[in-house]
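Counting convention: from 1, in listed order, for ligands and their atoms alike. As the structure is a prediction and not an experimental result, all values here were calculated from the model.
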Amino acid sequence: MTATLTLALSKGRIFDETLPLLRAAGIEVLEDPETSRKLILPTNQAQLRVVLVRASDVPTYVQYGGADLGVTGLDTLIEHGGDWAGSGTGLYQPLDLKIAKCRMSVAVRADFDYVGKVKQGARLKVATKYTTIARDFFASKGVHVDMVKLYGSMELAPLTGLADAIVDLVSTGNTLKANHLVEVERIMDISSRLVVNQASLKMKQAQIRPIIDAFAKALA
Ligand code: AMP
């Protein structure tokens, strides 16, 4: 008997951009998450289902076996506690899917002298949702920071005096521009990764390998 395979995805960009890869593996998701209220979506393969979870919960689902595999941004993976290779979290990270591409950057108000402050060795107040990435980045530059953890609308922080700088994802740069912020450092390029539960990979090799291989072929 074939075991059920569960794929964790988040609604929106990751779901939309994973669909063509699934199609390349012969997998069609049978319901549209934008119109369905279901959190478990069937596919054309009886043994494979998709679960819709919050983007930041994808690594948790896969790590603890609530899902066998998932798609998640490198930013989310690092903040979850894995390193670049995803080690130490029970997550196997076989593929960079090169989707949902953006960058993690530092931005400040256009009238804030970031370079000057850094040169002076000033202490910076940094607001972000991505505290691990921000802390590591500023530590590597030898810049002292006070971190303010936020869960959204980071752009507001420098405008209201809550922080000198933000660390956030930037794609087109339009959000920064609309809020009179400028990008002053690019910390890292971000894209989404396929993550697999290591125990599932062992137990369900025969089902998981063909999916990884089909994704890899579609990306080549
Ligand atoms: P943009 O205006 O195109 O630079 O997009 C910036 C906004 O979209 C910020 O609020 C980001 O947090 C969010 N964003 C951009 N790209 C991504 C991505 N790949 N994944 C999640 N959020 C993103």
Side-chain angles (χ1 to χ4, degrees), residues 7-22 29 33-34 50-62 67 69-84 86 89 91 93-110 112 114 124-138 145 147-195 215 218-219:
L7 167 67
L9 296 176
S10 52
K11 271 209 245 187
R13 201 164 159 185
I14 286 184
F15 183 89
D16 298 343
E17 295 187 24
T18 302
L19 280 188
L21 293 171
L22 288 172
V29 182
E34 297 306 327
V50 169
V51 292
L52 295 175
V53 303
R54 232 188 124 107
S56 50
D57 290 336
V58 169
T60 307
Y61 268 81
V62 178
L69 52 177
V71 176
T72 184
L74 177 61
D75 52 314
T76 308
L77 266 181
I78 297 175
E79 291 299 322
H80 179 72
D83 59 18
W84 296 77
T89 56
L91 290 174
Q93 201 193 123
L95 285 178
D96 177 355
L97 301 178
K98 302 193 170 85
I99 58 171
K101 281 189 182 176
C102 56
R103 55 194 186 270
M104 187 69 75
S105 293
V106 181
V108 298
R109 268 168 60 150
F112 183 79
Y114 175 80
L124 291 183
K125 217 181 226 190
V126 177
T128 187
K129 188 166 129 184
Y130 307 97
T131 49
T132 302
I133 293 172
R135 205 167 264 128
D136 287 355
F137 174 72
F138 286 110
V145 293
M147 203 67 73
V148 181
K149 169 94 187 183
L150 291 178
Y151 293 89
S153 302
M154 257 93 77
E155 303 80 16
L156 258 183
L159 307 179
T160 54
L162 182 67
D164 302 313
I166 60 169
V167 168
D168 195 8
L169 295 174
V170 179
S171 179
T172 60
N174 290 340
T175 305
L176 292 182
K177 210 178 285 167
N179 290 291
H180 311 289
L181 299 177
V182 290
E183 193 176 356
V184 286
E185 303 240 35
R186 188 181 182 124
I187 301 179
M188 64 175 75
D189 289 325
I190 300 287
S191 58
S192 289
R193 313 297 163 113
L194 179 68
V195 286
F215 278 16
L219 290 167

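- In this structure, M154 falls outside the shell of residues with a heavy atom less than 4.0 angstrom from ligand 1.
- The N/O atoms of V170, backbone and side chain alike, include none that comes under 3.5 Å of an N/O atom in ligand 1.
- In this structure, atom 11 (C) of ligand 1 lies nearest to the protein heavy atom L169 O, 3.3 Å.
- Contact annotation: the side chain of L21 never approaches that of V71 to less than 4.5 Å [non-hydrogen atoms, C-beta and beyond].
- Of all atoms in ligand 1, numbered sequentially from 1 with element shown, those under 4.0 Å from a heavy atom of G173 are 1 (P), 3 (O), 4 (O).
- In terms of the side chain to side chain donor-acceptor pair (under 3.5 Å) criterion, residue partners of S105 (sequence neighbours excluded) are, by chain and number, E183.
- In this structure, L22 and L7 have side chains that are in contact, with non-hydrogen atoms separated by less than 4.5 Å.
- Looking at heavy atoms from C-beta onward, V182 lies out of side-chain contact with Y114 at the 4.5 angstrom threshold.
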N/O donor-acceptor pairs under 3.5 Å from side chains in residues 128-137, not counting sequence neighbours:
{"residue": "T128", "atom": "OG1", "partner": "Y130", "partner atom": "N", "Å": "2.8"}
{"residue": "T128", "atom": "OG1", "partner": "V167", "partner atom": "O", "Å": "2.6"}
{"residue": "T132", "atom": "OG1", "partner": "E79", "partner atom": "OE1", "Å": "3.2"}

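- Within ligand 1, the atoms closer than 4.0 Å to a non-hydrogen atom of A100 are 19 (N), numbered from 1 in the order shown.
- The closest side-chain heavy-atom distance from P59 to T76 is below 4.5 Å.
- Of all atoms in ligand 1, listed by their number and element, those nearer than 4.0 Å to a heavy atom of D168 are 9 (C), 10 (O), 12 (O).
- Near T172, meaning under 4.0 Å from one of its heavy atoms, ligand 1 places the atoms 1 (P), 2 (O), 3 (O), 4 (O).
- Given atom 16 (N) of ligand 1, the protein heavy atom at minimum distance is R13 NH1, 3.3 Å.
- Contacts of L176 with ligand 1, taken as heavy-atom pairs under 4.0 Å, are absent altogether.
- In this structure, G73 falls outside the shell of residues with a heavy atom less than 4.0 angstrom from ligand 1.
- No side-chain heavy atom of D164 sits less than 4.5 Å from a side-chain heavy atom of V108.
- Taking 4.5 Å as the limit, every side-chain heavy atom of R103 sits out of range of all side-chain heavy atoms of I187.
- Numbered from 1 in the order shown, with element, the atoms of ligand 1 that lie under 4.0 Å from a heavy atom of E155 read 10 (O).
- Inter-residue side-chain proximity for V145 and K125 is flagged as unmet; no heavy-atom pair is nearer than 4.5 Å.
- Residue contacts with ligand 1, taken as heavy atom pairs separated by less than 4.0 Å, involve C102 solely via side-chain atoms from C-beta onward.
- Annotation: S171 places an N or O atom under 3.5 Å from an N or O atom of ligand 1; distance criterion only.
- Counting heavy atoms only, T175 comes closest to atom 7 (C) of ligand 1 of the residues N179, T76, T175, N174.
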